[in-house]
Every structure is written in structure tokens, then in C-alpha cells.
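Here the structure comes first, spelled out in C-alpha cells, and everything after it is commentary.
Start at 1 with the first residue, then count along the sequence.
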Amino acid sequence: MPEAASASFSARAGTILGVHWPARARNARLIRAEAALRYAIPALLSTFLACLVGIAALHIRSQRDEIVAAAATEIEVFTRAAAATRPGDQGDLRSLTTEAAARNGRRLILISAEERILAAHPPLDRDTTSLAGLLGDSEALTTFGERLGATELAPTDGEPLIAAMHRLPDGRRIAVVQTLEPLLRGWHTRTRDQVVLIGASALVIIGVGLAYGLQSRRAEGADRVCEQIRQRLDIALGRGGCGLWDWDIPRGRIYWSNSMYALLGYQREHEYLSFGEVNALVHPDDGDLYSLARGLAANQTVVDHAFRMRGADGAYVWLRTRAEVVPDSADGGHHLVGIAIDVSEQHHLAESSATADMRLRDAIEAISEAFVLWDTTNRLVLCNSKFRHLHALNPEDAQPGRRYGEVMGRGVLPQVRRELPETGAATARTFEAELADGRWLQISERRTKDGGYVSVGTDITSLKRHQEQLVASERELIETVKDLKRSRRTLELQTQQLADLAERYLDQKAAAESASQAKSDFLANMSHELRTPLNAVIGFADVMANEVFGPLGSPRYAEYCRDIGESGHYLLSVIDDILNMSRIEAHRVRLNPREIDAEAALGGALKLVAEAARAKSLEISVDLSPGMRLLADERALHQVLVNLLQNAVKFTPPEGRVLVRGRTASGFTHLFVEDTGIGIPKSVLPRLGQPFVQVETNMTRSHKGSGLGLAIARSMAELHGGSLRLRSEVNVGTIVLVRLPAPAPQRLPAIAESGGRQQAVSALREASGATPRLRREAQPVA
């Protein structure tokens, strides 16, 4: 089946829904060139007319030039001859020319050496005494004389003329002047005739061009009208789900409209389809076109046939074709012309209705109730086997279409025991009936909208038995209620006891919190008390190590002083950590979050660990997102970064690597501190991040530390509304993630209003959705 892009231009312009235009059908090549010819022919006619006028103008001009050139030659010869006779007066001049030449405008003039006219034939006016007065400014003729020859002059106040001059031996000169008007009289006549002939030809050519243009425009308008008709018919057919057929029976070719192609999902490639192509699309179970052709041969003139045709997607479409044989007056043949309507939906609907009807009958037969439906004339429409069994009817007795009295007269009616009242249903009734075998039925009858009624009989034998059981259960329920009342009094007593226990729990909790607060206050006070003497020890150790007041003696004293200073600094850092931790637990930490450049903050922290990293030959790499900003307190962020970097450098063996990465995601900034250190065992991860908890035990400790660095970092991150997470694997490395809120306009006003208090931190944490607890994951390092 064709599946090309679209129909060709000739197919669309040469036919209108299958009807050929005879003139266009015989000149297919001309049709293809028609668009170009519509513009080319007027252009050719215009070009031809312009060329004709140009050639005629050139020819007329050349004729005049030939006449002037012949006259100039004749005058030159005549002037030489007149100069050879050496005339002396006017009588001599008269003898040199004829009367006919004089009448044609030829004049001989004898000029003196002083440029005065001595004689002329025919005579001149008395006012004309010089050649300049006759010829105007003729300096060239006066100067060059016979060397100039005969030349054409155009006086400003006279007719064009040809003049020639020759010098006589005595200094005089003789000139011959010939006016052009008598010479060009015949040329003017021929020119007028040629102009008339060319004008008539131009009118004919213009008329032909206008006629062709009007005819082309009319043809183009007819094309547009035909195309509009074709498009509107295609749209109407397409909207109606129809397709046009035109079967040329003698030639065995079939035309489909565009809507027919769209109906089956194909695209037009050729104007006509062959008989075999269309017949191959018909479903084999629905006959073929050959049988239809035989029926048409048997004087069948009308066709009404439903069949299936294969679409472009391989699925079959149900079509109903209605057509009639129409004689073609052009060629004497016959065409089968009609439409094909898509009836797939109706066919599927009929199948669905039949299937639904069958399913409805099966469902009615499968239900446990007796069901019967009567129409408006009390005739049986449908019933199931339970209904027949209830009334002791045979299938022959309960045939659809029989009247109510005829059906029920052959059956047995159950004994009605009680009729139940119906509220708001005047056309419905419900009653209970007892069967002979002791079973009970509840029969409900309802009127349908069309005037019939439906009856459903439900077996309520078990319901009746349950009613008897409910009476016995009611007595048991009364006894149970009495037991519940006794249990209620017992529960009230237990509730009072639980209230007392809760009050004791609150008192103990308050005591524990007071003890924790006292511990924090004690640590803070002790830290302050230890810092003063420790600063003195560190200061004096530095003075002795630098030998400010003179040498110490043995070199070992200097080494001991350095050890004292390092131990003092270490002890001072431990005390600072304890003091910071006590401040955090006592809620005395005041934050001042603001926007901080991540690269600058990280650079300040890296300076403090650079010396220790160089001592262990560690590689520290930084990978931050461009222009990354943080929302944090500058001092607190510095402490978090320093603690994490110190841990990474401390627990990474020599020649190791430490990587700091920064990314922004979902309104938060993530800082990753990765190392290739000793890792953290899974058993320690749940406790890591609590105060004084370390990876190494007291027996196996090889690194110094108070165990507060990670706890402080975690607490600071949570105070910012963020979190701290760990992922580690032993002998592989550790990854620490610090999650902080990203700078956002809605977060800054809350921080500025609270002034960095704990309430603002809690609000920031709740707004960001951060969890206040440390999340630890014992997973392999990615």
C-alpha cells in the first residue's frame, strides 16, 4: 500500500475528487510548466515589444543618417565643382545651380576675404551681410574650410542644414548651404508609416498579453475555486468519518479521497489505485471486489456492503460502502461512485452490547437471589433458575414474552407472613414469605422507569436465625456492661497511680537537669581557673626556651622548656574545648550568622593545619562550587572546620590525602571533609560525636586528644540549623558531611530579629527541616 509523503501537484490540480479535467489531462507537461508560463509569456511579449520598438527606432535613425550622409557627399562634390569655376558675381552663381536645387533649399554664397557676403543665389536678405549672420557661430567651418568638408549645422534660430566651404585662389571663398527639411520629406513620410505600423503591432501584442493575463487569472481563480471545493469536501468527509470512492470499472482503477486515506492511516502517493491494491486490503472473510464486480456485471446498480479493510497500522477497520453505478458521458464507461463510512465504533458497540447482555444474563444467573423482570404489559423479560426453583417452574413455563398470569398460574406462590413498610416509595413493596421447607424469603418489588417492575427474592433464613441469637446476645451484653463498669473503676484507680508516677518522673528529671547544669558550670569555672596559671607556665617556658635573661646551662633545659610549652599549649587547647563544650551545654553560645565566602573561610582553617600536613607529607585538595556562599557565624564555622581538618590530618598516615569539597543542593550547602586515614570501626560509630568519646581506647591510644572536637563541631552545626554526618570504613578512610543552611532572604530576618539567641537557632533548624541529632552511617567510603 502506498505510504509516500503526499500526492503530486499534477494529481491535485488535474482532478477534483476523481473527476478529470480533459484539457489538463492531455497536457500534463504544460500543467507542470503552467505556473512558470503565467509569468514567462507576458515577460516575453513585453521583451518582444521593446525589441521591436528599439529596432524600428534604430532603423529610422539609420535611414536619416544615410540621407544626410548622401546629401553631405553631394554638397561636398558640388562645392568643389563650384570652386573650380571661380565665380565672380551673382550671375555666375546662378549659372552653377539649377532652379530645382534652389527650390529644394540649396544656396551658393560667395564670401570675401574679410568674411563678408559678396553674392548669393538664391539671394539673401539685406540684413544678412556675413556668414556668421546666416549660419550662426560657425567658427569650425570658417577656420577649417575645405578640410572640414560638408558638415551638418544647427543654427539656434533656424532649420538644420548642411554646409561646405572652399577657398578660391584670390582669397575669396565659396560656400554651399543645403537645408535638411526638403531632403527629409520622404523620410518623414516613411517614418510616420512605420510608427503607425509599429503602434498597431504594439496594440495587438498588448491586447494579446492582456487577454492572456485575464485568461490566466481566470484559470487561476478557477483552480483556487476547485481547490477550495476539494478541500471543503475533504474536510466535510473527514469530519463525518467518510471516504469518497470512484471506481472506473472499464479501466480497473479506483480513486480515493484524502479523507479515505486518513480513514485508514495511509498517505497518497499516486492519483489512482489499482484494482488489485485495493482488493488486497479487504479482509478475506468479508468477500472481495471480484464478487462485487460480478454483481455489477449482472445489472446491479446499487451497492450497500459492509466489510473490513486493513489500515496502515495493520488493524482492520469496519467500513460500510454505499455506492451507485454512474455512466461517464466523456468516455462512455461506467463508474461506481459512493462513500465509505467508518462503522468500527458501531460494530464494536454492537459487540459490546451483545457481550454486556450475555454477561448480565450470566451475572443474574450467578446471584444467590431469585430475580425476575417484567415489562410494562406484564410480560416476562428475564428470570434466573432460582426464581423458577422458588415457584416450581420448568424452563418451558418461564419463556420470555409470556404474561404474568400465565407464568404464575403454573407455579406455586409462597405464603406471605409479613409485609414490611416502605418509606417514600409508593411504587415499591417488600414482604417476607415462608417456604414449605422452613426457609424464609424477603421479596422486594420495584417499578422500573418504563412502567415494568423487577422482583428480587433474598434468602433470609440465616438472618431469622441470627435474630434469635441476638436476643440471647442482648442478655449477655447486659452482663458485660456490668463487668465494664467494675473495670472502669479499676482503671480510674490505675490512672491516679500513673499520674503520681509521672509527677515523680518530672521531679527526678528536673534534678538530673540541675545536676547537668551544675556540672557544666563547674567545668566552665574550672576551665577559667586553670587558664590563668597555665598561661603563666606557657609564658615562662617560652622565656626560658628563648633564653631572654641569659643561657640556661645544659642544652637539655631548652628541650625541656619546649616540651613544657607544647604540653601547656595542648592542655590549653583541651581546656578551651572543655570551656566551649560547657558553654554549648549551658546554652550560653550566641551566634551571629551572616553570609560568608566559603573559599575564604576554608582558607583560614587550612592555614592552621598546613604545618602539620607538611610534616606528614599529606596532600590537601579543595574542590568548591564557584561563588559558593555560607550562612553561618564566622567564629563558629572556623572552629568546626579547624576541628574536622585537625582530625583528618591527625588520623591520616604519612603520604595520605585529605580532600575538602563543597556543593549546594536543595537550599543547603554541603561541606565534605574526606581523608584516607585509619577509619572508624562500626562499633564506635553510634557513640562518636558525644563528649569525650574517642575512636581509640585508653589502652591502645596513639593520638592525643580530648574527644571533644567532633562533639563541638556537631553541636555548632546543629546550632546553625544544620547537621553533621559520618561515613567511615576501617583502613579506608572517613567522610564527614557538614550540612548548613544556604543564604536565603527568608532566613536572614529571623536571625537578625533573634540576635543569635537559642530560640532563633531552633527556629532556623525547624525552618530548614534539619534534625538535631548526629546521623552516623557505617558504610564503605564511596
### Task
For E476, enumerate each residue passing the side chain to side chain donor-acceptor pair (under 3.5 Å) test, keeping only those at least two apart in sequence or located in another chain.
none
### Task
List for me each residue that meets side chain to side chain donor-acceptor pair (under 3.5 Å) alongside E599, sequence neighbours excluded, and say none if there are none.
none
### Task
Output all residues satisfying ring-ring contact (aromatic ring centres under 6.0 Å, His included) with F672, sequence neighbours left out; order by chain, then residue number.
none
### Summary
With sequence neighbours left out, the residues meeting side chain to side chain contact (heavy atoms under 4.5 Å, CB included) with K509 are Y505, E513
### Task
Can you sort out the partners of H466 under ring-ring contact (aromatic ring centres under 6.0 Å, His included), two or more places apart, ordered by chain and number?
none
### Query
Taking only residues two or more places apart in sequence, or in another chain, which ones meet D342 in a side chain to side chain donor-acceptor pair (under 3.5 Å)?
S344
### Query
Does any pair with a residue in residues 350-369 pass salt bridge (charged side-chain N to carboxylate O under 4.0 Å, His left out), and if so which ones, sequence neighbours excluded?
D357-R361
### Task
Go through the structure and list residues passing side chain to side chain contact (heavy atoms under 4.5 Å, CB included) with V343, not counting sequence neighbours.
W318, R320, I341, Q346
### Query
Which residues satisfy the side chain to side chain donor-acceptor pair (under 3.5 Å) test with N731, sequence neighbours excluded?
none
### Summary
The side chain to side chain contact (heavy atoms under 4.5 Å, CB included) partners of L618 (sequence neighbours excluded) come to A613, K616, V649, T652
### side chain to side chain contact (heavy atoms under 4.5 Å, CB included) against L608, all qualifying residues, sequence neighbours excluded
H638, V642
Show the atom names and distances, to 0.1 Å, of all donor-acceptor pairs under 3.5 Å that link a side chain in residues 490-504 to residues at least two apart or in another chain.
unit_1	atom_1	unit_2	atom_2	d
T490	OG1	R486	O	3.3
T495	OG1	L491	O	2.8

